[in-house]
Amino acid sequence: MEIRGAVPTAGLTDGVVTVEDGVVASVTPTDTSGSSRASGTVILPGLLDIHCHGGGGHSFATTDQAEALAAAAWHAAAGTTGVIASLVTAAPRDLLRQV
């Protein structure tokens, strides 16, 4: 698969990221003869959120597994590649139930 757009981390205003078997195989400048990239297309690494209480109206500070999974699914759909779910201050017994 080839993904075309600006690749700021590689210093390219118009580049191609080639992905093979789920792994980035190459990042190269685009041969711009006769075409231009889509306006506003920018390719960036996925976000790793290291302190997150939830997402999409859902919370990680819950004992409801579906609620926590919905928060994680919202992040995945938005392009977040990893989340460290954070809980809010509570009694130790409550925190253990949430974990």
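Crowding of Ile50 atom CD1: a count of heavy atoms from other residues, nucleotides or ligands under 6.0 Å not exceeding 12.
Distance alone, capped at 3.5 Å, places no donor-acceptor pair between the Thr13 side chain and the Ala6 backbone.
Placement of Val27 and Ile3 within a single hydrophobic cluster is found when ILVMFWY residues are connected by side-chain heavy-atom separations under 4.5 Å, directly or transitively. Val24 and Met1 fall within a single hydrophobic cluster, where Ile, Leu, Val, Met, Phe, Trp and Tyr are joined by side-chain heavy atoms under 4.5 Å apart, directly or via other members. One hydrophobic cluster holds both Val19 and Val7 under the rule that ILVMFWY side chains link at heavy-atom gaps under 4.5 Å.
When all heavy atoms are compared, the tightest approach of Val83 to Cys52 is CG1-CB, 3.8 Å. Scanning all heavy atoms of the two residues, the minimum distance from Gly46 to Thr81 falls at CA-CG2, 3.4 Å. Between Thr62 and Ala68, the closest heavy-atom pair is CG2-N, 4.0 Å.
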Show me the donor-acceptor pairs within less than 3.5 Å that the side chains of residues 91-99 make with the rest of the protein, sequence neighbours left out.
residue: Asp94; atom: OD1; partner: Arg97; partner atom: NH1; Å: 3.3

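For Thr28, there are no side-chain hydrogen bond (donor to acceptor under 3.5 Å, both in side chains) partners two or more places apart in sequence or in a different chain.
Listed by first then second residue, pairs satisfying ring pair (Phe, Tyr, Trp, His ring centres under 6.0 Å) with a partner in residues 52-77 read His51-His53, not counting sequence neighbours.
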